[in-house]
Amino acid sequence: MDSMATLPIVQYEEKIIETVERNPVVVVIGETGSGKSTQLSQMLYRRGYADSARIAITQPRRVAAVTVARRVAQELGVQLGEEVGYAIRFEDRTSHRTRIKYLTDGVLLRESLVNPELNEYSVIILDEAHERSLNTDILMGLMKRLAKIRTSNLKVLITSATLDGDKVSNFFRDCPVLTIPGKLYPVEILYSKERPSSYLESSLKTAIDIHVREPEGDVLIFMTGQDDIEKLVSKLEDKVRSLEEGSCMDAIILPLHGSLPPELQASKLCSDSIFLIENCAYHWLELFSASCKYYNFYMNQYKVRVFSPPPPSCRRIIVATNIAETSLTVDGVVYVIDSGYVKQRQYNPSTGMYSLDIVQISKVQANQRAGRAGRTRPGKCYRLYPSQVYNDEFLDVTVPEIQRSSLAGSVLYLKSLDLPDIDILKFDFLDPPSSESLQDALKQLYLIDAIDENGAITSIGQKMAELPLEPSLSRTLMEANDYGCIPEALTVAAMLSAETTLLPGRSKTEKKRKHPEPNLPDGFGLGDHIQLLQIFECWDQTDYDIGWCKDNGLQVRGMLFVRDVRKQLSQIMQKIAKGPLDRRRGESRQDYRNLRKALCVGYANQLAERKMHHNGYRTLGFQGQVVQVHPSSVLKADDLGKFPDYVVYHELIATPRPYMRNVCSVEMRWVVPVINKLKTLDVYKLSGGTGPVEEENERNIPDLPKKNVEVTAGVDDSESRIQAARERFLARKGKK
DNA sequence: GAGCACTGC
């Protein structure tokens with residue numbers, strides 16, 4: 001563990017204090033190992049900055065907030081939760097005595113919903129701002145405004161990376177930039193002569209070369225995903241086994257990615273660091289609602305695995321995703337192999353579709369990866385691409401999340417803050433999202449009644465913003481409140497919040513089984529939302545039995561998370577609930593009509609209509625994408641093999657074929673109001689009449705008749721055909 | 001009939 005005296009930042013204390021004293025905003029470039037996360041707050045604390053109010057330090061990750069707070073409490077010799085505390089979702093470990101408060105950026109955002117001036121704080125430090133998380137980006141915009149309003153009693157510090165320090169400084173009116181060197185050992189960068197045709201093969205060859213020729217030290221290989229990792233691990237194992245015995249040291253090959261259970265990640269990598277283990281365990285405990293019931297169970301697992309020592313004189317070759325870039329630190333790494341790629345989720349605002357693409361990393365990421373080789377002694381980084389690619393093709397910084405996600409939630413949040421001097425469409429972002437993306441968000445919010453036709457937030461929208469959910473789910477909850485099905489809607493919302501962690505862990509062996517979970521409910525064939533609800537209800541009936549989850553192939557961690565989310569949502573809903581928030585066990589036997597009606601209102605922006613003669617669907621509201629129900633869905637076709645005419649979907653994912661994931665059947669008569677609303681949509685007006693006028697309007701109106709038209713497609717007499725089809729549609733509507 | 005980078009309220 002570093003002692004305070006050896007941290008580089010300590011020598012800069014005077015300079016830092018002096019700069020902060022004179023400026024409302026300061027950018028601090030703190031390289032890895034500079035000690036900025038633990039020391040900045042203490043310096044300011046010592047100089048009296050926490051006398052009148054608190055010092056807040058945000059972190060993009062929960063574990064980081066907890067770890068750093070614990071460390072600082074230790075250094076100051078105080079009890080965690082007293083002078084030094086932290087706040088993360090589900091857990092607030094602060095007291096009235098707390099002067100230094102670590103929190104996740106999301107928690108600070110929630111706090112500013114209650115108190116937009118954030119008067120509780122005299123100093124706000126946005127740490128790791130270079131990671132450009134969606135929340136940090138929004139906070140940066142808010143800080144710019146706050147610094148202007150609270151000139152006399154607020155200091156803002158932004159920590160960032162070398163490559164975009166100036167950019168952040170420009171954003172904050174050319175505020176000063178302080179650079180604090182890190183405590184990394186030098187890392188030699190070695191480039192490939194050319195781009196490999198297969199970076200899997202190239203990684204394999206490089207790793208074996210290192211293993212055979214270089215002195216001891218672990219190897220860390222950055223790959224893009226689980227699939228490649230598993231392939232490379234098995235190839236490496238074969239190769240290592242085939243090496244002549246005694247020709248070099250032993251090697252163990254370890255995969256490392258997010259879908260491995262956390263205790264496995266810890267056991268393999270933290271040979272000497274009880275510190276990290278303790279925090280992993282803590283993280284788990286805190287996920288388990290502090291009910292100590294499960295604590296011993298998991299601690300025992302940790303003990304068994306964690307303290308088993310690694311084989312002596314054995315090189316570890318770790319094959320990882322970018323989880324090892326920031327979230328997990330692996331001790332003992334001396335060699336890094338960087339493929340130069342990463343898997344990134346992107347949102348397309350014109351289709352409403354997400355895709356998961358393999359993209360080139362940025363220079364910041366490449367340097368972060370290289371830095372992983374120099375933590376314990378001088379290291380080497382093998383980049384599997386030429387230096388020219390790094391210089392000419394890599395972006396300086398990663399495309400910020402705000403430019404890669406749907407902004408409906410963020411826009412609603414900003415609208416709900418009701419800052420008189422802030423216009424959302426002109427909101428001052430470090431990197432503004434495209435106007436297309438903002439208009440998409442406005443359109444979505446309008447369709448679910450969160451904003452009115454002029455773009456002003458409605459009373460429904462105001463209540464929705466208080467819920468830590470995506471807008472479609474918070475709208476569903478509001479509607480469920482009127483239909484008397486809050487208990488069910490709460491469960492569905494919570495289940496979908498944990499979506500990815502919930503579904504059965506798909507290991508290689510499970511893949512082969514055709515029906516892995518025969519005992520799980522099927523949603524009565526009505527759709528996945530209903531199934532999720534039924535699954536939770538079954539689990540509830542077992543009194544949250546962990547064994548039950550395991551027997552049914554459900555991730556324990558995910559299910560416990562769902563229980564916590566549901567509890568949190570139900571606390572927030574308590575204030576406005578018109579009926580009970582829970583059903584008596586076993587009471588809920590119904591056809592889920594009201595719940596599906598509520599879903600139809602909440603997902604008005606995520607509706608699809610089945611095509612006439614097959615089971616493909618067309619999305620309404622976007623450009624009418626043709627999409628399929630995801631094969632994993634439990635939605636049932638009728639006796640004629642037809643899916644329902646209308647469904648709502650939770651997510652569109654292009655993989656690369658476009659699928660709707662998590663669908664629920666709805667009835668046409670519930671859909672009609674939505675379609676009518678789509679017709680009145682005026683994006684220009686929604687933008688407050690300030691946005692650019694675009695033809696957007698035309699294509700936002702679902703081209704309802706088209707599906708009927710296709711039957712006779714041929715000559716172009718579209719006008720009359722559309723008219724005829726519209727009549728057919730109306731007739732059909734009348735019949736039902 | 002198919003495929004899952006990583007976070008977070």
Side-chain angles (χ1 to χ4, degrees), chain A residues 58-65 87-92 103-114 128 131-139 222-230 256-260 283 287 320-328 339 341-346 354-359 361 365 398 400-401 404-405 409-410 412-413 464-471 473-474 493-494 497-508 510-511 514-515 555 561 564-565 568-569 572 615 628-635 637 651 653-661:
Chain A
T58 68
Q59 295 291 326
R61 279 170 294 280
R62 300 159 58 87
V63 180
I88 57 178
R89 188 178 190 179
F90 308 134
E91 195 186 11
D92 185 346
L103 27 59
T104 44
D105 45 18
V107 168
L108 188 63
L109 263 188
R110 286 277 146 204
E111 286 186 0
S112 65
L113 200 56
V114 183
E128 316 289 0
E131 288 188 23
R132 306 296 305 276
S133 74
L134 183 55
N135 289 336
T136 301
D137 266 24
I138 293 171
L139 280 174
F222 284 100
M223 300 295 283
T224 57
Q226 185 175 351
D227 246 26
D228 284 351
I229 289 174
E230 280 167 8
L256 179 61
H257 50 80
S259 31
L260 289 172
H283 183 59
L287 268 179
T321 59
N322 56 337
I323 195 170
E325 212 173 275
T326 50
S327 306
L328 266 179
S339 64
Y341 290 99
V342 69
K343 232 181 236 181
Q344 226 173 44
R345 196 174 143 99
Q346 337 239 24
Y354 280 96
S355 58
L356 200 56
D357 307 320
I358 292 174
V359 301
I361 58 173
Q365 275 179 297
T398 316
E401 207 185 337
R404 293 189 279 117
S405 0
S410 303
L412 178 62
Y413 172 80
M464 284 166 59
E466 282 184 50
L467 290 158
L469 288 173
E470 44 201 291
L473 289 173
S474 49
S497 298
E499 195 204 352
T500 49
T501 45
L502 163 78
L503 291 169
R506 309 178 186 210
S507 64
K508 277 262 154 83
E510 258 172 315
K511 244 185 221 175
K514 273 209 167 157
H515 303 288
Q555 283 190 24
F561 177 74
D564 281 345
V565 173
Q568 186 193 22
L569 295 177
I572 299 171
N615 275 336
Q628 304 287 329
V629 175
H630 196 278
S632 67
S633 176
V634 293
L635 185 73
E651 185 180 56
I653 179 107
T655 60
R657 261 183 293 249
Y659 284 110
M660 299 182 283
R661 268 220 315 234

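Residue numbers begin at 1 in each chain, while the letters A, B, ... track the order of the sequences. Predicted, not measured: the structure shown is a model, and the values here were computed from it.
For A/Thr104, a side-chain nitrogen or oxygen approaches OP1 or OP2 of B/dC9 to under 4.0 Å. Side-chain N/O atoms of A/Ser632 include none lying less than 4.0 angstrom from OP1 or OP2 on B/dG1. At B/dC6, none of the side-chain N or O atoms of A/Ser327 fall inside 4.0 Å of OP1 or OP2 (strictly under the cut-off). Remark: A/Arg62 is in phosphate contact with B/dC9, judged by side-chain N or O atoms under 4.0 Å from OP1 or OP2.
When heavy atoms are screened at a 4.0 angstrom cut-off, A/Val107 is found touching the sugar-phosphate backbone but no base atom. Heavy atoms of A/Arg61 sit under 4.0 angstrom from primed sugar atoms or phosphate atoms, though from no base atom. As judged by a 4.0 angstrom heavy-atom cut-off over every strand, A/Leu109 is placed among residues making no nucleic acid contact. Using a 4.0 Å heavy-atom criterion, one finds that A/Tyr413 contacts no nucleic acid atom at all.
Protein atom CD of A/Gln346 is 16 Å distant from nucleotide atom C1' of B/dC4, rounded to whole Å.
Comparing A/Leu467 and A/Lys343 along DNA chain B, the residue whose closest nucleotide (by nearest heavy atom) sits nearer the 5' end is A/Lys343. Residues A/Asn322 and A/Gln568 both approach DNA chain B. Their nearest nucleotides, taken by heavy-atom distance, put A/Asn322 toward the 5′ side.
Formation of a donor-acceptor pair under 3.5 Å by the A/Ser497 side chain with backbone atoms of A/Ala493 is found in this model.
Under the side-chain hydrogen bond (donor to acceptor under 3.5 Å, both in side chains) criterion, A/Tyr413 pairs with A/Ser112, not counting sequence neighbours. With sequence neighbours left out, the side-chain hydrogen bond (donor to acceptor under 3.5 Å, both in side chains) criterion links A/Asn615 to no other residue.
Side-chain atoms of A/Ser355 and A/Asp357 include a donor-acceptor pair closer than 3.5 Å.
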